[in-house]
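Report on the following structure.
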Amino acid sequence: MDRTARVADEWLVLAAQDRNPAAIDRLVEVWHGRLWRHARNVTGSNEGADDVSQDAWVGILKKLPTLDDPAAFPSWAYRIVTRRSTDWVRREVRHRRRRGPMPDDVSAPSPGPTERETRERAQRVLDALQHLSVDQRALISMHYLNDLSTTQIADALRIPRGTVKSRLHRARQNLKPHLQGVES
């Protein structure tokens, strides 16, 4: 994220903390897609991402006035979404026996060959992510899919930066066997 975007986000956070309706709407508009994708990557489900992101936004907007540093908004928001995504996955695991397997809801209407191949590759990566623990999925999603630095992830998860690095390494090692045949 470039400096201009960071400054704009900080201004939006400050204005939203003052309960400016336009700033709140714009903050949600700017950040919803990123937070939804992170929730999707962690939960493995569009339905889960919808539930988590909606629930997370309620919490984010309720607690926004308590955020001391507007520059910390990204880490803070990802922490909330990660926590709620993890809770959602745990609830799903508890209810899976009664409801059956989680739905495979990544589909598209008849894409062209190149787009289809890209979607298939993306689906294989998402499937491979499901073999990781929820915590490892969250790390991979934050770092590779949402471009957060190890420092931002450490802030979001409230763990040391070195721990983030070692957990990312372990997650990559666990992911590797499931990505056999998925070329970039």
Side-chain angles (χ1 to χ4, degrees), residues 1-92 105-106 122 125-126 129-130 132-172:
M1 181 183 296
D2 68 0
R3 181 168 163 61
T4 305
R6 282 195 308 267
V7 170
D9 284 348
E10 289 176 31
W11 179 86
L12 278 175
V13 169
L14 287 170
Q17 285 178 320
D18 288 338
R19 297 296 183 209
N20 176 322
I24 291 170
D25 290 346
R26 182 70 180 139
L27 185 68
V28 172
E29 181 183 320
V30 168
W31 279 92
H32 181 74
R34 294 180 232 182
L35 297 176
W36 184 90
R37 280 188 299 279
H38 178 60
R40 169 61 172 93
N41 294 331
V42 176
T43 63
S45 161
N46 288 345
E47 175 189 315
D50 290 342
D51 293 347
V52 166
S53 61
Q54 189 172 34
D55 184 42
W57 274 112
V58 169
I60 288 168
L61 295 175
K62 182 178 179 183
K63 296 288 187 178
L64 191 60
T66 67
L67 181 64
D68 293 330
D69 180 8
F73 178 80
S75 299
W76 181 73
Y78 277 108
R79 179 181 323 127
I80 291 169
V81 172
T82 299
R83 199 175 307 130
R84 302 219 175 168
S85 296
T86 302
D87 291 344
W88 187 91
V89 169
R90 288 184 179 132
R91 277 193 307 273
E92 282 299 302
D105 49 12
V106 177
V125 171
L126 288 173
L129 282 173
Q130 299 310 306
L132 299 178
S133 71
V134 175
D135 295 334
Q136 288 181 339
R137 269 186 265 165
L139 276 172
I140 294 288
S141 173
M142 284 191 265
H143 188 68
Y144 291 105
L145 305 174
N146 294 299
D147 295 323
L148 268 70
S149 68
T150 54
T151 303
Q152 291 172 312
I153 295 170
D155 289 344
L157 300 179
R158 294 185 175 162
I159 58 176
R161 190 167 169 249
T163 303
V164 171
K165 288 180 176 185
S166 65
R167 288 181 183 177
L168 271 171
H169 175 73
R170 203 170 310 121
R172 283 190 297 265

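In this chain, residues are counted from 1 in sequence order.
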Side chain proximity check, His38 to Leu145, heavy atoms < 4.5 angstrom: no

Donor-acceptor contact present, side-chain Thr43 to main-chain Ala39, <3.5 Å: yes

Residue list, side-chain contact (heavy atoms from CB on, under 4.5 Å) with Asp18, at least two apart or on another chain: none

Can you tell me how far CG of Asn20 sits from CZ of Arg26, rounded to the nearest 0.5 angstrom? 13.0 Å

Ignoring hydrogens and geometry, is there a side-chain-to-backbone donor-acceptor pair from Asn146 to Leu148 under 3.5 Å? no

Summary of salt bridge (Lys or Arg N to Asp or Glu O under 4.0 Å) pairs that have at least one residue in residues 155-166, sequence neighbours excluded: none

Those residues that, when tested against Ser166, pass side-chain contact (heavy atoms from CB on, under 4.5 Å) (two or more places apart): Arg170

For the student: nearest non-hydrogen atoms of Ala154 and Pro160, plus distance: CB-C, 4.1 Å

Rounded to the nearest 0.5 Å, what's the gap from CG on Leu139 to CZ on Arg172? Could you check? 10.0 Å

Using every non-hydrogen atom in the two residues, find where Ala16 and Ala23 come nearest and quote the distance to one decimal. N-CB, 3.7 Å

How far apart are the closest heavy atoms of Arg137 and Asn41, and which atoms are they? CD-O, 3.7 Å

Minimal non-hydrogen separation, Gln130 against Gly44, with atom names: NE2-CA, 3.3 Å

Going by atom types alone, do Thr150 and His143 pair a side-chain donor with an acceptor below 3.5 Å? no

Minimum-distance pair of heavy atoms, taken over all atoms of Val42 and Ala138: CG2-CA, 3.6 Å

Between Trp31 and Asp9, does any side-chain donor sit less than 3.5 Å from a side-chain acceptor? yes

Run the side-chain hydrogen bond (donor to acceptor under 3.5 Å, both in side chains) test on Asn46 and Trp36 for me, step by step, so that the C-alpha distance in whole Å, both residues' side-chain angles and the decisive distance to 0.1 Å come before the verdict. CA-CA 9 Å; Asn46 288 345; Trp36 184 90; 5.9 Å; no

Yes or no on side chain to side chain contact (heavy atoms under 4.5 Å, CB included) for Leu126 and Leu129, after CA distance, side-chain angles and deciding distance? CA-CA 5 Å; Leu126 288 173; Leu129 282 173; 4.2 Å; yes

Which residue pairs pass the salt bridge (Lys or Arg N to Asp or Glu O under 4.0 Å) test when at least one of the two sits in residues 75-90, sequence neighbours left out? Asp55-Arg84

Would you compute the distance between atom CG of Leu35 and atom CD1 of Ile80 and round it to the nearest 0.5 angstrom? 9.0 Å

Enter the distance from Gln17:CD to Phe73:CZ here, rounded to the nearest 0.5 Å. 9.5 Å

Spacing of CD belonging to Glu10 relative to CG belonging to Asp69, to within rounding of 0.5 Å: 7.0 Å

Show the atom names and distances, to 0.1 Å, of all donor-acceptor pairs under 3.5 Å that link a side chain in residues 56-68 to residues at least two apart or in another chain.
residue	atom	partner	partner atom	Å
Trp57	NE1	His32	ND1	3.1
Thr66	OG1	Lys63	O	2.6

Qualifying residues under side chain to side chain donor-acceptor pair (under 3.5 Å), relative to Arg167, sequence neighbours excluded: none

Let me confirm one number: the CZ-OG distance from Arg40 to Ser53, rounded to the nearest 0.5 Å. 12.5 Å

Mind listing the closest non-hydrogen atom pair of Asp147 and Gln152 along with its distance? O-OE1, 4.2 Å

